[in-house]
Amino acid sequence: MSNMIIAGIGGQGVNKLSRIIAQLAVNHGRYCQYTVHKGGAQSLGIVYSELRFADTEITMLAAEIPAGKLDYLIALDPYEAIRHIKLANNNTQCWVDGKRPALFIERMPEFFNESTGNQSTGNNNSDDAMVYLQSLPVKLTEANYYQQALTRYQSAKMANFLAGYDCLRALGLQIDDEYQLLFKQSVKAAVL
Amino acid sequence: MDKLLADGNEAIAYAALDAQVNYVSHYPGSPVNRVVDVIACASRPRLPIINHALNEHIAALSAMGASVSGARSILVMKHVGLNIAADPLNYAGPLKIKGGLVIVVGTDPGARTSTGEEDVHWYAPQFNFPLLEPTSVQSIYDAVKKAFTISESIRLPVLVFISGRLAYQANLLKREAQSDRKKPLFKFNKNPADLINVGNSAVSNHQQHVLRLEKFARFNYGVQQKYNPKATLGVITRAASYALVCEVINDLALGSQVHLLNIEQTYPLNVESIFQFCHAKNDVIIIEDQDGFLETMIKRDLFGRVDCQIRGKTVFPPWGELRYQQVLVFFTELFDLAIADKAIAVDRTAPPRPGTFCEGCPHRSSFFAIDQALKEADGIIGGDIGCSSLPPHRTDWLLCMNAGVGMSQGIAQISPQQKLVSTGGEGSLFHGGLVALLSAVENEVNMVHILFDNRAVAMTGHQASPTTSGRVDVMSLLLSIGVKQVFKVNAFAATEVEKAINDAHRLTGVKVVWVTGDCALQVNAESARRMRERTLTIEPSLCGDCQLCYESLQCPAINRINIASRQLTIDMDACRRCGACVHICPNDAIKVSDPLYKPKVKTEVANV
């Protein structure tokens with residue numbers, strides 16, 4: 001039994017990546033249940049999904065991952081990593097898009113400064129969030145998926161693909177072709 | 001057939017298809033917004049007839065029409081939609097329907113995708129319809145399919161409630177092989193005894209209705225018992241709380257000390273089976289979210305028959321979504337256990353992300369214009385449901401459909417000295433806002449309504465609205481109901497929108513500022529061309545540092561270049577090339593590289 005959270009903001013492809021990872025798990029004989037949490041916002045709101053994997057089918061499994069039982073965290077935004085990191089334990093593996101500019105929330109200092117401890121207004125980088133994450137006892141992989149996606153695919157929308165790829169490789173799943181194929185099928189403009 | 005990965009929305013759709021449904025009627029609403037899209041995209045030779053109704057009231061009535069003509073029908077809406085469908089559904093019981101009629105309602109404990117977490121369970125005893133509440137993706141499929149046969153056997157509509165948690169949950173689903181039914185021929189047969197519901201026949205139809213429902217109370221659908229039947233502590237769950245409670249009991253290894261009963265048929269209850277479960281217990285805890293419907297029904301039905309203590313809402317609150325932690329704390333305190341928590345210590349919280357408009361959204365520029373037009377007068381902005389309400393504090397209220405034009409009428413009549421605009425999308429206008437507008441005309445109210453026309457019901461996944469096809473001539477329609485003047489404005493030309501609002505306020509009567517601009521998430525040939533051929537840049541030497549585009553327009557694609565600087569830049573990956581920023585820039589500092597771009601757009605004004 002293992003648990004994963006994929007976190008991001010509306011428009012980054014959390015829902016799609018969750019579906020693809022779950023589908024891969026199922027294709028390879030694993031059991032997977034996932035629940036997407038999306039708010040009222042189509043774009044730039046909080047979106048995350050809770051994936052739960054097991055070797056055999058479990059009939060009744062809660063949607064929610066209990067505190068301390070998070071094994072993997074993919075965050076397409078550093079602040080979204082902070083939102084879920086309280087569920088992590090000392091062995092949790094995290095892949096965080098660390099250089100994502102703070103998107104939109106930096107314009108709301110009343111929320112932003114209070115929760116991030118950031119005193120300057122209009123801070124549009126997320127270094128402080130990464131510094132905090134680095135101080136926590138988790139296995140953190142920081143990558144610049146946002147910039148990589150822009151360079152390789154001319155679209156930041158592919159950051160979810162790259163983050164998912166890193167995660168699958170670390171899990172020891174050699175299913176690159178299958179993963180790419182599932183992505184291709186779900187991406188309207190075939191950028192791959 | 002192998003199991004496939006499906007979410008709650010898909011499970012509902014597959015069940016309807018596999019039950020050979022003939023008629024699908026809906027008004028889109030999260031969390032069951034995708035059901036009809038999945039049905040419509042199914043690859044099968046004969047699709048059911050799909051009725052994209054303009055509101056839930058009409059959706060319910062048309063499904064009732066199909067059902068009395070013998071067609072298997074499904075009616076899909078969200079919890080607050082049930083309020084609007086409630087009027088006709090009160091007649092669907094006495095009606096003695098023919099084809100199975102299943103009403104799937106998406107509920108929303110926690111109000112993640114709604115303006116309220118209203119508990120609609122109380123409609124079940126009001127309508128006197130059976131109510132099923134599945135607990136997983138598979139049980140959603142099974143319950144919706146079963147509901148058709150139940151509905152046909154007792155000739156009553158069957159309610160199936162799906163909570164937001166389950167609607168967006170995906171799991172393995174086993175579909176049963178479809179039996180090929182021949183396409184039946186449907187015919188409406190006149191039947192005044194059942195269909196003319198007045199006076200004596202209303203009373204006798206009501207009697208028949210109640211007796212048919214009593215027949216169903218002998219059913220015992222979807223009962224699961226787990227753990228130790230000899231335990232003196234009983235726990236009763238429904239819907240999403242079943243899995244939650246199972247997991248807590250497993251995690252705490254309390255299986256030997258608890259007897260658990262999950263009920264999927266929550267109305268009417270099978271009283272005998274619940275009595276059998278409760279009578280040998282000392283203590284029964286009912287764990288459910290929302291108002292405690294199951295607790296109330298169990299206490300009503302077992303009144304005076306059992307000695308055990310039955311608790312529910314005194315333990316778990318009626319608000320919010322039930323969380324793992326709440327259930328865990330309850331059981332650890334009850335059994336005096338310690339919680340072994342391996343979670344790391346975290347002392348920071350993440351900032352909230354209140355909704356905003358997408359990049360390129362026509363509403364962004366419209367709201368900029370509204371703010372500009374009203375800022376001197378500290379005016380009132382009436383809010384309605386839809387994408388226009390995504391940033392929650394841009395309007396002065398955010399309640400139900402048609403609250404924009406509807407509440408504004410009352411305020412305009414009682415406080416005419418205040419400058420007011422009501423807002424609402426075209427989805428809202430055709431949902432019921434048109435009647436509200438006509439009502440304002442008939443009552444000679446002075447008010448300005450801003451109609452956001454983005455040519456789609458965008459928030460629930462771009463279902464078609466009447467302006468998508470362009471069949472409705474909005475201008476003639478508004479003028480024909482007596483609107484004094486209609487200003488048709490391009491949403492992305494904020495200064496024009498502002499001017500139209502100010503002009504409209506100078507006139508008496510009901511005026512409409514019809515703001516047009518396609519949803520930015522709709523990709524068409526023109527938007528694809530713009531994305532390909534248009535580039536926007538902010539020329540630093542011309543920028544006057546007014547920060548209007550960054551702070552007031554609040555386009556997420558416009559960012560500061562770094563922490564220290566106030567210099568702005570446009571992220572061309574996020575930008576949708578709508579040109580709203582170009583329009584509002586007082587210094588012409590935003591340059592567009594597109595020969596086809598025309599910055600000034602003429603407003604069309606029409607009156608009778």
Side-chain angles (χ1 to χ4, degrees), chain A residues 9 11 19 22-23 26 31-46 57 59-64 66-69 79-80 82-83 85-90 92 101 103-105 107-108 111-112 114-117 120 122-125 132 136-138 150 154-156 188, chain B residues 3-5 7 30 112-114 135-137 165-166 168-172 240 242-244 246-248 251 323-325 328 340-344 346 348-359 361 387 389-390 392 458-459 521 523 550-551 554 556 559-563 566 571 573-574:
Chain A
I9 55 185
R19 181 70 173 225
Q23 189 69 59
V26 169
Y31 171 76
C32 179
Q33 168 181 294
Y34 77 89
T35 314
V36 179
H37 302 256
K38 44 185 176 180
Q42 275 193 328
S43 282
L44 312 184
I46 300 160
E57 188 161 344
T59 47
M60 289 318 296
L61 196 56
E64 210 179 324
K69 291 191 179 175
Y79 296 103
E80 294 314 305
I82 290 179
R83 195 179 309 284
I85 202 78
K86 60 182 182 290
L87 302 180
N89 57 49
N90 292 329
T92 303
L103 198 53
F104 200 71
I105 44 170
R107 291 171 217 201
M108 288 168 259
F111 297 138
F112 192 64
E114 187 191 333
S115 52
T116 58
S120 65
N123 177 356
N124 69 350
N125 78 34
Y132 182 68
L136 297 174
V138 292
L150 278 178
Q154 289 76 51
S155 167
K188 278 175 197 152
Chain B
K3 291 189 174 186
L4 64 126
L5 192 66
D7 70 12
S30 303
R112 283 178 196 256
T113 59
S114 314
T135 57
S136 67
V137 171
R165 189 57 52 253
L166 295 171
Y168 291 141
Q169 183 166 96
N171 208 324
L172 293 176
Y242 178 38
L244 199 56
C246 285
E247 185 152 342
V248 171
D251 286 354
R323 303 297 302 265
Y324 179 91
Q325 196 64 22
L328 185 78
D341 193 347
K342 292 189 298 174
I344 59 168
V346 175
R348 274 219 202 166
T349 55
R353 293 182 185 269
T356 183
F357 302 123
C358 305
E359 299 89 351
C361 176
C387 278
S389 62
L390 272 177
M459 203 171 199
L521 300 182
V523 180
Y550 180 80
E551 282 173 2
Q554 298 196 340
N559 283 301
R560 292 183 170 155
I561 56 166
N562 61 46
I563 308 169
R566 283 169 66 86
D571 175 357
D573 180 60

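Letters A, B, ... are given to chains in the order of the sequence lines, protein chains preceding strands, and every chain is numbered from 1.
- Between A:Glu57 and B:Lys3 there is a salt bridge, with a side-chain nitrogen of the basic residue lying less than 4.0 Å from a carboxylate oxygen of the acidic one.
- In this structure, CG on B:Leu244 lies 6.5 Å from CD on A:Glu64, to the nearest 0.5 angstrom.
- Here the CD1 atom belonging to B:Ile344 is positioned 6.5 Å from the OG1 atom belonging to A:Thr92, to the nearest 0.5 angstrom.
- Here the side chain of A:Arg19 pairs a donor or acceptor atom with the backbone of B:Leu5 at under 3.5 angstrom.
- Residue contact with chain B, scored on non-hydrogen atoms closer than 4.5 Å, involves the backbone and the side chain of A:Ile85 alike.
- Between atom CD of residue B:Gln169 and atom CG of residue A:Leu61 there is a gap of 8.0 Å, rounded to the nearest 0.5 Å.
- Side-chain contact check for B:Arg112 versus A:Lys38: every heavy-atom pair is 4.5 Å or farther apart.
- Atoms CD and CZ, on A:Glu80 and B:Arg353 in that order, are 4.5 Å from each other to the nearest 0.5 Å.
- Of the atoms belonging to A:Tyr34, heavy atoms from both backbone and side chain fall under 4.5 Å from chain B.
- Of the possible polar contacts, one joining the A:Arg83 side chain to the B:Pro351 backbone as a donor-acceptor pair under 3.5 Å is found.
- When every heavy atom of A:Tyr79 is checked against every heavy atom of B:Ala350, the shortest pair comes out as O-CB, 3.3 Å.
- Using a 4.5 Å cut-off on side-chain heavy atoms (C-beta onward), A:Ile82 and B:Thr349 make no contact.
- In terms of heavy-atom pairs under 4.5 Å with chain A, the best-connected choice from B:Val248, B:Asp251, B:Val137 is B:Asp251.
- With a threshold of 4.5 angstrom between heavy atoms, B:Thr135 approaches chain A through its backbone and through its side chain.
- To the nearest 0.5 Å, atoms CG (A:Leu44) and CD (B:Glu359) are separated by 5.5 Å.
- At least one donor-acceptor pair under 3.5 Å links the side chain of B:Glu247 to the backbone N or O of A:Ala62.
- Remark: the backbone N or O of A:Gln33 is not paired with any side-chain donor or acceptor of B:Asn171 at under 3.5 angstrom.
- Heavy atoms only, all atoms of each residue included: A:Tyr31 and B:Leu172 are closest at CD1-CD1, 3.8 Å.
- Contacts between B:Glu551 and chain A at a heavy-atom distance below 4.5 Å are absent for every atom of the residue.
- Chain A forms the most heavy-atom pairs under 4.5 Å with one residue out of B:Cys361, B:Ala574, B:Ala170, and that residue is B:Ala170.
- When every heavy atom of B:Asp573 is checked against every heavy atom of A:Ser155, the shortest pair comes out as OD1-CA, 3.4 Å.
- Of the residues considered (B:Tyr242, B:Phe357, B:Tyr324), B:Tyr324 shows the highest number of contacts with chain A, using heavy-atom pairs under 4.5 Å.
- Proximity to chain B involves both the backbone and the side chain of A:Val36, based on heavy atoms less than 4.5 angstrom apart.
- The candidate with the highest count of non-hydrogen atom pairs below 4.5 Å against chain B, out of A:Gln23, A:Gln154, A:Met60, A:Lys86, is A:Met60.
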